[in-house]
2 protein chains.
Amino acid sequence: MTRSPGENLTVATHRATLTDRYAAWREQGFDASRCPVRNVLDHLGSKWSTLLLIALAEKPMRFNALLRDVPDISKRMLTQTLRDLERDGLVARQVFPTKPPSVEYRLSATGESVLGPLTALVGWAEQHFPEIVRARLRFDTAAEGGSAPVPGETARVERPPALAPLPVRG
Amino acid sequence: MTRSPGENLTVATHRATLTDRYAAWREQGFDASRCPVRNVLDHLGSKWSTLLLIALAEKPMRFNALLRDVPDISKRMLTQTLRDLERDGLVARQVFPTKPPSVEYRLSATGESVLGPLTALVGWAEQHFPEIVRARLRFDTAAEGGSAPVPGETARVERPPALAPLPVRG
DNA sequence: CGATTAGGTCTCCATTATAGACCTACTCTC
DNA sequence: GAGAGTAGGTCTATAATGGAGACCTAATCG
């Protein structure tokens with residue numbers, strides 16, 4: 001489990017773990033209400049959730065502080081995302097009886113527990129970001145410079161064809 | 001870094017890391033094109049991406065195999081999600097010149113490298129799933145059983161008011 | 001009295017997701 | 001050689017979601 005440079009072994013382990021989990025979900029008919037990926041990760045993956053969790057990782061914050069801190073978010077989305085996070089128990093909302101009542105949001109224990117996986121993912125994203133940008137450029141220029149910019153083209157075989165021919169029929 | 005039960009120390013580390021990263025993004029004006037969270041994680045978090053990555057973690061698959069395997073996905077979304085993943089370089093698309101040309105999708109090296117963080121996140125999701133379900137129930141019943149089911153209610157202060165009074169004004 | 005702050009809600013429009021019909025090319029069956 | 005089936009999609013029409021910004025309530029400041 002120590003992050004050695006030879007990741008092949010750990011990749012195999014992850015593969016196995018995920019395959020196993022996936023099989024289990026399948027067996028349950030992929031019931032959305034029982035599949036953690038569809039149930040939990042969908043929320044986490046939404047545009048603002050991660051950003052808010054990271055913002056709140058530093059310290060508890062009030063509504064308008066978050067609004068200022070996460071520049072492009074609208075009030076509506078902030079409210080809704082915070083509600084979702086609160087509903088899932090990742091964020092706790094606390095109202096203080098000040099003259100205009102102030103509301104503070106903070107990570108719950110559960111919310112803190114997600115920081116680990118989240119850090120791993122953010123680390124991955126930062127590490128592979130240049131690579132991904134390059135891939136996008138390649139893809140986009142390939143799409144433009146392809147055989148024909150005509151949009152009505154079906155089944156174009158752009159990339160070098162084959163290695164293992166795959167059975168022609170099932 | 002060894003997953004000991006006393007996670008407080010590691011939580012502090014993650015907190016620090018994320019806070020640090022967040023500050024860096026802020027300094028760059030949160031430019032979306034430079035922020036890995038907004039740029040990369042958004043894609044990964046989309047409804048189908050994770051599921052497809054997990055499906056492909058097991059073995060390369062063809063279009064219709066994926067369509068059958070991930071039951072609720074529509075053709076259009078499968079196409080689009082695969083394109084996105086291909087564009088980001090996480091998935092490689094390979095066309096075989098069989099009689100009806102067949103297309104195989106497989107994880108690229110980059111795609112494999114995300115399995116680690118992904119496994120961590122999936123593990124977290126499965127581990128905390130019951131907890132989250134409970135939180136949701138609590139939240140939903142609290143919302144229903146609240147003072148009034150009338151939808152036109154503003155600024156309700158449902159939860160027990162205060163502890164630290166927070167400065168009344170900035 | 002009018003302006004400002006806090007913490008939202010509400011409405012409206014634009015974007016995105018989804019289902020499902022359709023298409024092309026080929027093979028197999030009869 | 002007509003019709004059905006398979007592979008890998010595209011296209012269209014509609015439903016759901018996202019986002020900008022107006023609006024609301026209560027209190028305090030000038």
Side-chain angles (χ1 to χ4, degrees), chain A residues 32 38 42-43 45-49 51-52 60-84 86 93-105 143 148 150-159 161-162 165-170, chain B residues 32 38 42-43 45-49 51-52 60-84 86 93-105 143 148 150-159 161-162 165-170:
Chain A
R38 308 187 59 178
D42 269 11
H43 284 189
S46 88
K47 190 166 181 183
W48 303 109
S49 305
L51 229 37
L52 285 182
M61 287 212 225
R62 288 161 60 176
F63 188 85
N64 281 334
L66 284 169
L67 202 60
R68 270 177 254 116
D69 212 52
V70 183
D72 296 347
I73 198 170
S74 69
K75 285 188 166 196
R76 191 184 171 291
M77 285 319 291
L78 180 55
T79 302
Q80 186 182 310
T81 309
L82 284 171
R83 285 274 185 289
D84 286 350
E86 191 194 355
R93 177 181 185 272
Q94 204 169 14
V95 179
F96 298 95
T98 49
K99 315 311 167 25
S102 50
V103 180
E104 197 180 83
Y105 294 92
V150 185
E153 216 192 356
T154 34
R156 57 225 149 117
V157 183
E158 303 163 13
R159 296 159 196 78
L166 270 193
V168 178
R169 309 252 349 267
Chain B
R38 308 187 61 178
D42 269 12
H43 284 188
S46 88
K47 189 166 180 181
W48 303 110
S49 306
L51 229 37
L52 286 182
M61 287 213 226
R62 287 162 60 175
F63 187 87
N64 281 334
L66 285 168
L67 201 60
R68 270 177 254 116
D69 212 53
V70 183
D72 296 346
I73 199 171
S74 71
K75 285 186 165 196
R76 195 181 172 293
M77 284 319 291
L78 180 55
T79 302
Q80 186 182 310
T81 309
L82 285 171
R83 286 274 186 287
D84 286 350
E86 192 195 354
R93 178 181 185 270
Q94 202 168 16
V95 180
F96 297 95
T98 50
K99 313 315 166 24
S102 50
V103 179
E104 198 180 81
Y105 295 91
V150 185
E153 216 192 355
T154 33
R156 55 224 151 117
V157 182
E158 304 163 11
R159 297 160 194 78
L166 269 191
V168 178
R169 310 249 355 262

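Because only heavy atoms are used, hydrogens play no part in the values below, and waters and symmetry mates are left out as well, while side chains stay in. Keep in mind it's a predicted model, so treat the numbers as computed, not measured. Per chain, numbering begins at 1; letters A, B, ... match sequence-line order.
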When you check the phosphate oxygens OP1 and OP2 of C/dC13, does a side-chain N or O of A/Arg76 lie under 4.0 Å from one of them?
no

For A/Lys75 and for A/Gln80, locate the closest nucleotide of DNA chain D by heavy-atom distance; then report the residue assigned to the nucleotide nearer the 5' terminus.
A/Gln80

Any side-chain N or O of B/Arg83 below 4.0 angstrom from OP1/OP2 of D/dT10?
yes

Return the polar atom pairs (N/O with N/O) between nucleotides 3-5 of chain D and the protein under 3.5 Å, or none.
none

Return no unless some side-chain N or O of B/Trp48 is found under 4.0 Å from OP1 or OP2 of C/dA17.
no

B/Met77 has an atom CE; how far is it from atom C1' of D/dG9, in whole Å?
15 Å

Whole-Å gap separating P (D/dG9) and CZ (B/Arg62)
11 Å

About how many Å separate OG1 of B/Thr81 and CG of B/Leu51, when rounded to the nearest 0.5 Å?
10.0 Å

Rounded to whole Å, the CG-P distance (A/Leu67 to D/dG21) equals 13 Å

Spacing between B/Asp42 atom CG and C/dT15 atom P, to the nearest angstrom
18 Å

Please report the interatomic distance CE(B/Met61) to CG(B/Leu52), rounded to the nearest 0.5 Å.
9.0 Å

If you look at every heavy atom in B/Arg93 and B/Val95, which pair is closest and at what distance?
NH1-CG2, 3.5 Å

Using only side-chain N and O atoms of B/Tyr105, determine if any of them is under 4.0 Å from OP1 or OP2 of D/dA7.
no

Roughly how far apart are B/Gln94 CD and B/Glu86 CD, rounded to 0.5 Å?
11.0 Å

With the side chain counted from C-beta on, respond yes when B/Leu82 and B/Trp48 share a heavy-atom pair under 4.5 Å apart, and no when they do not.
no

B/Ile73 CD1 to C/dA17 C1': how many Å, rounded?
11 Å

Return the value, rounded to whole Å, for the distance between atom CG of B/Asp72 and atom P of C/dA17.
16 Å

Atom pair distance, as rounded to whole Å: CG in A/Asn64 and C1' in D/dA27
15 Å

Spacing between A/Glu104 atom CD and C/dG8 atom C1', to the nearest angstrom
17 Å

Side-chain N or O of A/Ser74 closer than 4.0 Å to phosphate OP1/OP2 of D/dG19
no

Is there side-chain contact between B/Leu66 and B/Leu78, with heavy atoms separated by less than 4.5 Å?
yes

For a quick test of reading the model: is some side-chain N or O of B/Arg93 closer than 4.0 Å to OP1 or OP2 of D/dG9?
yes

side-chain contact (heavy atoms from CB on, under 4.5 Å) filter on A/Asp84, not counting sequence neighbours, yields A/Gln80

